[in-house]
Amino acid sequence: MPKSTQHLRNILELNLAMLFISTSGALGRYIDMPVPVTIAFRAILAGIILFLFCKWKKISFRIASKDRFTIIVGGILMGLHWITYFYALKMSNVAIGVLSLFTYPVITSFLEPILLKTKFQKMHLVLGALVLLGIYFLVPDFSLENSYAKAVGFGVVSALCYALRNLIMKTKVSNYHGSMLMWYQLVVISMMLLPTLFIMDSSGFVSQWPWTLVLAILTTAIGHTLFLFSLKRFSATTASIISSVQPVYGIIIGIIFLKEIPLLTTVIGGTLILTSVVIESVRSYK
């Protein structure tokens, strides 16, 4: 396959992953259960599905002892990322929640040269600044009494956890199958949040199970596994900036299913973020 065709395919696969993952915004707003309970069911159901998939494809579950700690930490970070992100959604709306999460390309651009010893690129700071400017338009009033400001705070914490998870998992994706890595992380999250099913009210699952299942299959098992595969083809920073198209998908889904129409300032912020996506896509192609 020609290099240009393969690159285009890689870009399209990453965008498909982002489309699937972006359904988490509307689902996180719609599912009416305590956030830790929702994430626990999400992890358990997605874990079962990925386990069956790995068995069907005869994917090995064997991991080297030196990699176990890294994968466990990756699972903990992924769980924290999901929890804080869903709290951001509950405190605001799909647009604010998903766009606030996308400070993570900026965080990634600072952390990748430090953690993975890659070359620092000044252009990533410029693109990251575009994303930050977009975030500013979301909540110009950063008062602690403002629920949207609190939501952005949770979104930034979620972004930090997500950036760290992507960077440490990038060191392992070349050695293992993406589905297997995702399964181990889901096991860690399930074990971490299992007590919440008994401490918090989980009775809502009876009526919410269809949407929780969609969250587990489409968003988690398929979307996040595809994203892990993309880390083999792009740097973590490049993948994260290209994936900033996710807010656009998420907002469109929120408009269609939840009737959440974004404000003009939100549209401006989203446009700035999408601009950084297009620029980085062109740069990575060259």
Side-chain angles (χ1 to χ4, degrees), residues 17-50 75-102 147-148 150-159 161-162 165 182-183 185-227 246-262 266:
M18 290 305 100
L19 177 60
F20 290 159
I21 292 175
S22 67
T23 59
S24 65
L27 289 169
R29 289 277 295 155
Y30 184 80
I31 296 173
D32 187 18
M33 289 190 292
V35 169
V37 172
T38 301
I39 302 303
F41 278 124
R42 174 186 189 176
I44 293 169
L45 291 172
I48 293 171
I49 293 162
L50 273 184
I76 294 172
L77 288 170
M78 192 66 178
L80 293 174
H81 153 62
W82 280 346
I83 291 171
T84 49
Y85 173 49
F86 270 47
Y87 273 120
L89 289 169
K90 294 292 187 184
M91 291 179 175
S92 54
N93 55 42
V94 173
I96 298 295
V98 73
L99 285 168
S100 66
L101 170 62
F102 275 82
S147 64
Y148 278 13
K150 293 177 183 177
V152 170
F154 273 104
V156 171
V157 173
S158 181
C161 294
Y162 197 39
R165 176 263 189 180
M182 192 65 204
W183 179 77
Q185 290 175 87
L186 290 169
V187 170
V188 172
I189 297 169
S190 298
M191 294 176 64
M192 185 170 67
L193 296 179
L194 187 62
T196 65
L197 300 183
F198 304 97
I199 298 172
M200 298 181 175
D201 182 13
S202 59
S203 60
F205 182 71
V206 176
S207 61
Q208 301 290 309
W209 73 264
W211 304 110
T212 309
L213 195 60
V214 172
L215 181 65
I217 297 175
L218 190 66
T219 313
T220 309
I222 300 176
H224 280 283
T225 299
L226 280 176
F227 183 69
Q246 182 184 332
V248 179
Y249 294 147
I251 291 170
I252 292 172
I253 292 171
I255 292 172
I256 294 172
F257 293 100
L258 300 179
K259 311 302 181 186
E260 291 186 354
I261 309 299
T266 303

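Hydrogens, waters and symmetry mates are skipped; everything else that's a heavy atom, side chains included, is used.
In this structure, Y162 and H81 have parallel ring planes: the angle between them is below the 30° cut-off, well short of the 60° mark.
Take W82 and apply the ring pair (Phe, Tyr, Trp, His ring centres under 6.0 Å) test, not counting sequence neighbours, and it matches H224.
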Could you go through the side chain to side chain contact (heavy atoms under 4.5 Å, CB included) check for L213 and L45 one step at a time?
CA-CA 7 Å; L213 195 60; L45 291 172; 4.2 Å; yes

For Y30 and F257, what are the C-alpha separation, side-chain angles and deciding distance, and is it a side chain to side chain contact (heavy atoms under 4.5 Å, CB included)?
CA-CA 9 Å; Y30 184 80; F257 293 100; over 6 Å; no

Can you check side chain to side chain contact (heavy atoms under 4.5 Å, CB included) on L186 and L50, steps first, answer last?
CA-CA 9 Å; L186 290 169; L50 273 184; 3.7 Å; yes

Verdict with supporting geometry, L77 and Q185, side chain to side chain contact (heavy atoms under 4.5 Å, CB included):
CA-CA 9 Å; L77 288 170; Q185 290 175 87; over 6 Å; no

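Using a 4.5 Å cut-off on side-chain heavy atoms (C-beta onward), T23 and L215 make no contact. Within the 4.5 Å cutoff, side-chain heavy atoms of I44 are placed close to those of L197. By the 4.5 Å heavy-atom criterion applied to side chains, V94 and L258 are counted as neighbours.
Using modelled atom types, one side-chain atom of K90 and one backbone atom of G28 make a donor-acceptor pair closer than 3.5 Å. Although no hydrogens or angles enter the test, the distance criterion places a donor-acceptor pair under 3.5 Å between the side chain of R29 and the main chain of S92.
Between atom OG of residue S100 and atom CG of residue L89 there is a gap of 7.5 Å, rounded to the nearest 0.5 Å. The distance from atom OH of Y87 to atom NZ of K150, rounded to the nearest 0.5 Å, is 13.5 Å. T38 contributes atom OG1, which lies 4.0 Å from atom CE of M33 (distance to the nearest 0.5 angstrom). In this structure, Q246 CD and I251 CD1 are separated by 10.5 Å, a value rounded to the nearest 0.5 Å. With rounding to the nearest 0.5 Å, the separation of CD1 in I31 from CD1 in I39 is 8.5 Å. Remark: L27 CG to R42 CZ distance equals 8.5 Å, nearest 0.5 Å.
Nearest approach of Y85 to S158, heavy atoms of both residues: CB-OG, 3.3 Å. In this structure, L80 and T84 approach most closely via the heavy-atom pair O-OG1, 2.7 Å. Summarising the geometry of A151 relative to I96, their closest heavy-atom pair is CB-CG2, 4.4 Å, with the distance given to 0.1 Å. Nearest heavy-atom pair across A88 and G155 is CB-N, 3.9 Å. Of all heavy-atom pairs spanning S22 and G250, the tightest one is CB-N, 3.6 Å. For the pair I256 and K259, the tightest heavy-atom approach, listed with the atom from each and the gap, is O-NZ, 3.6 Å.
Heavy-atom contacts from other residues, nucleotides or ligands closer than 6.0 Å to OH of Y249 number more than 12.
Using modelled atom types and a 3.5 Å distance limit, the side chains of T219 and S24 yield no donor-acceptor pair.
Ring centroids of F205 and F41 are separated by less than 6.0 Å, placing the two rings close together.
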